[in-house]
Structures are given as C-alpha cells and as structure tokens.
Amino acid sequence: MAKQEKKKKKERVPFRTQWKQAAAEKKGMLALYIILRVMVIAVMIAQFFNGDYNNVFLCLLTLVLFTIPAFVEGRLKIDVPDTLEVIILLFIFSAEILGEIREYYLTYPYWDTMLHTINGFLMAAIGFSLIDILNRSERFAIKMSPFFVALFAFCFSMTIGVLWEFYEFGADVFLKMDMQKDTVLQEVTSVALNPQGRNVPVTVPVKTLSVNGEEWNLGGYLDVGLHDTMADLIVNFIGALVFSVIGMFYIKGRGSGKFVRRFIPTRKAEPAKPPRRR
C-alpha cells in the first residue's frame, strides 16, 4: 500500500506544469491570456502609484480568476471549449477591470445588464454540463430526461444569480459599498402615502429629493438597489432560459448541435491503460 501511494504521488503533475501543457495545446488561447494579463498588470501598476489599493486588490483577484479554466482542465480533467474559455476571460476582464476600475458601470447604463445576461447564459451552460457528464457516465445509474437536465441548468444558473445578489447586498450593508446601484424614479407608489391610511396604494410624482435638509435635483427619488437587483435577476433569467431551451434540444438530437458544444465542458477521455504483464 505504501509503495502504491508513493507511485500516485510521483504521477501527480504540478499545477504550473499542467497550465503550461494546456497553453501549448491551445496556442490561440495563449495570445489572449498574455494580452489580458499584460493589460491587467499595467492597470495594477497605475493604480498602485495612484494609491488606490482597493483597485490593486481587484487586479490581483482578476489575475487569479484568469487561472480558473486552466485549473479546471488540469486538475479536474475537464475540457473547457475554447469559445466558453474566451467568453469567461473577457467576462472577468469586463466585470472587474472595465466595470469597476474604468467605471463602465456608470458610463454605460446597460453594461451591468449585459454582463448579468451573459452570466445567466454561462452558468446555465455549466449547470447543464454537470448533469450531462453524469448522464453519459456508466457509473451513474439514473438517467435524466432532456427536460430535467435543462431544468437543472436553469435552476443552477438562477441560484448562482441569487447568491451573487446576496453578495452585493452584504457588501453594501457591511462594507458600505454601492454594488447595488441606485435608480432615480419619477414617482413612488405606496400605501404609506394614502391620506386615509387605507391599504390602497397611492402614486405620487416626485420632482426633488431632500436629504438631511439638502435638496438634490435628481428629477425623482432614489431607489436604493431594488430595481437594480430585480433587473439583474430578470436578465439572468432570460440568459438561463435561452441556454436551457437550446440545451434541451441539443440532448434530444445528440451530436447535431455544434453551437451548444462550444459552451459545454466535457470530461477528458482517460488514456487507455497498458495491459498488465503476467
């Protein structure tokens, strides 16, 4: 037993070596990795000299997140399609560097909406692949129908979306951040404004906002995150639903859907073991 454990330890390949092997197999991806890493490092150096250490941490986090696809392929023996890998890398860069540091969330109102839609689509693809791998495995006794695979993918994506909104809410409450961006609304509907005190909603137009006696000419009142959260979940719903429906038809016609295969990770084929010598 001790000899077998030593052999297994010797057979383990370091993660850095696995990453280099994966990069050598996908030379097209290597250029994208290098370009994105150089850009992130350049931004990190600039933020360091500007004294914005929070953004420096975001850059470091981005560099760590860039290693996820290689880690999944090397350690978990799962093949991540090139299309999915490119989208994941660009998604991370767009969310952390462009969205947070370059303030695209404020410059482009629909930037956050676009990313949440893509997130719903990608998370559905990952959830879809989890069950699809089990369905195609001989060790898994239960075979799920295409509908239930699609349903799991949809629920998986929505759960990730909800957990992310929990994270944003927690960051806003405990760290005093503003991840759930506020929305300016021109009217408010509430039963609290009913002059008769009845449980009947009343709509009141709002033109100015007063905070601690200081008036803010925003053209309405400030909704603190509710509309932003619901909009994020709605577009996540749309992205998850689109992929789940496409994936369901992909399973029904196995092998005929080239589009879906670009987004579904699959388990790598294990090399054939040499016959034992007697």
Side-chain angles (χ1 to χ4, degrees), residues 29 32-33 35-37 39-40 43-44 47 52 54-69 71-72 80-129 153-172 175 177-184 223-247 259-260 262-265:
M29 294 298 304
L32 180 63
Y33 266 109
I35 292 173
L36 291 179
R37 283 175 176 274
M39 293 175 67
V40 173
V43 172
M44 182 172 63
Q47 296 301 315
D52 197 336
N54 182 52
N55 286 343
V56 172
F57 171 76
L58 286 178
C59 292
L60 291 173
L61 177 62
T62 302
L63 293 174
V64 173
L65 293 176
F66 279 166
T67 64
I68 290 179
F71 175 83
V72 171
V80 180
D82 289 350
T83 302
L84 177 62
E85 191 170 353
V86 168
I87 294 177
I88 290 175
L89 294 177
L90 294 179
F91 178 86
I92 295 171
F93 183 82
S94 299
E96 301 296 338
I97 304 303
L98 298 181
E100 293 291 345
I101 298 178
R102 301 298 299 172
E103 298 182 349
Y104 275 32
Y105 290 131
L106 299 178
T107 307
Y108 304 101
Y110 296 103
W111 189 261
D112 186 55
T113 301
M114 176 193 69
L115 292 180
H116 276 280
T117 306
I118 295 174
N119 178 74
F121 189 89
L122 293 180
M123 290 302 105
I126 293 173
F128 186 93
S129 66
F154 173 79
C155 293
F156 179 84
S157 177
M158 291 304 300
T159 301
I160 298 299
V162 170
L163 291 177
W164 178 255
E165 294 303 321
F166 287 171
Y167 166 74
E168 288 189 345
F169 176 77
D172 291 349
L175 302 179
M177 300 178 68
D178 188 20
M179 298 188 70
Q180 295 177 304
K181 296 297 185 288
D182 304 329
T183 306
V184 177
D223 171 74
V224 286
L226 176 60
H227 280 71
D228 177 76
T229 298
M230 293 308 300
D232 292 345
L233 291 177
I234 289 172
V235 296
N236 192 105
F237 172 91
I238 294 173
L241 182 63
V242 169
F243 187 90
S244 298
V245 172
I246 296 174
F259 175 79
V260 177
R262 297 178 178 179
F263 299 93
I264 300 180

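Scope of the values below: all heavy atoms of this structure, side chains included, with no hydrogens, waters or symmetry mates. Just so it is clear, the model here is predicted, and its values are computed rather than measured.
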**Side chains of Arg37 and Leu63 in contact at under 4.5 Å (non-hydrogen atoms)** = yes

**Fill in**
Test side chain to side chain donor-acceptor pair (under 3.5 Å), reference Asp232, set Lys181, Gln180, His227, His116, output is His116

**Item:** Nearest non-hydrogen partners of Glu100 and Leu58, listed with the distance
**Value:** CB-CD1, 3.9 Å

**Prompt:** Distance from Ile126 atom CD1 to Ile160 atom CD1, nearest 0.5 Å?
**Reply:** 8.0 Å

**Asked** Do Phe237 and Phe154 have side chains that get closer than 4.5 Å, going by heavy atoms?
**Response** yes

**Item:** Minimum side-chain heavy-atom gap Phe243-Ile264 below 4.5 Å
**Value:** yes

**Message:** Could you measure the distance from the CZ atom of Phe71 to the CG atom of Leu65? Nearest 0.5 Å is fine.
**Reply:** 13.0 Å

**Item:** Member of Ile68, Leu84, Leu36 meeting the side-chain contact (heavy atoms from CB on, under 4.5 Å) criterion with Leu89
**Value:** Leu36

**Flag side-chain contact, heavy atom, 4.5 Å: Glu96 against Ile101** = no

**Message:** I need the minimum non-hydrogen distance between Ala124 and Ser244, along with the two atoms involved.
**Reply:** CB-OG, 4.2 Å

**Prompt:** Hey, are the side chains of Thr62 and Val43 touching, using non-hydrogen atoms and a 4.5 Å cut-off?
**Reply:** no

**Message:** Please report the interatomic distance CG(Asn119) to OG1(Thr117), rounded to the nearest 0.5 Å.
**Reply:** 9.0 Å

**Item:** Leu233 to Met158 - nearest heavy-atom pair and separation
**Value:** O-CE, 3.9 Å

**Message:** For Ala95, is there any backbone N or O sitting under 3.5 Å from a side-chain donor or acceptor partner on Tyr105?
**Reply:** yes

**Item:** Stepwise side-chain contact (heavy atoms from CB on, under 4.5 Å) check, Phe128 with Phe156
**Value:** CA-CA 8 Å; Phe128 186 93; Phe156 179 84; over 6 Å; no

**Prompt:** If you measure from CD1 on Ile246 to CG on Leu241, what distance do you get to the nearest 0.5 Å?
**Reply:** 9.5 Å

**Fill in**
Nearest heavy-atom contact between Arg262 and Pro81 is O-CB, 3.1 Å

**Complete:** Between the CG atom in Leu61 and the CG atom in Asn55, the distance rounded to the nearest 0.5 Å is 12.0 Å

**Request:** Take Phe66 and Val40 through the test side-chain contact (heavy atoms from CB on, under 4.5 Å) and record every step on the way to the result.
**Result:** CA-CA 11 Å; Phe66 279 166; Val40 173; 3.8 Å; yes

**Message:** Rounded to the nearest 0.5 Å, what separates atom CZ in Arg102 from atom OG1 in Thr107?
**Reply:** 9.0 Å

**Message:** Within the 4.5 Å heavy-atom criterion, are Thr159 and Val162 side-chain neighbours or not?
**Reply:** no

**Message:** So does Gly120 get a backbone contact from the side chain of Ser157, meaning a donor-acceptor N/O pair under 3.5 Å?
**Reply:** yes

**Request:** For the residue pair Leu98 and Trp111, establish whether any side-chain heavy-atom pair is separated by less than 4.5 Å.
**Result:** yes

**Nearest heavy-atom neighbours spanning Asp228 and Thr183** = N-OG1, 4.2 Å

**Request:** Could you tell me whether the side chain of Glu85 reaches within less than 4.5 Å of the side chain of Leu32, counting heavy atoms only?
**Result:** no

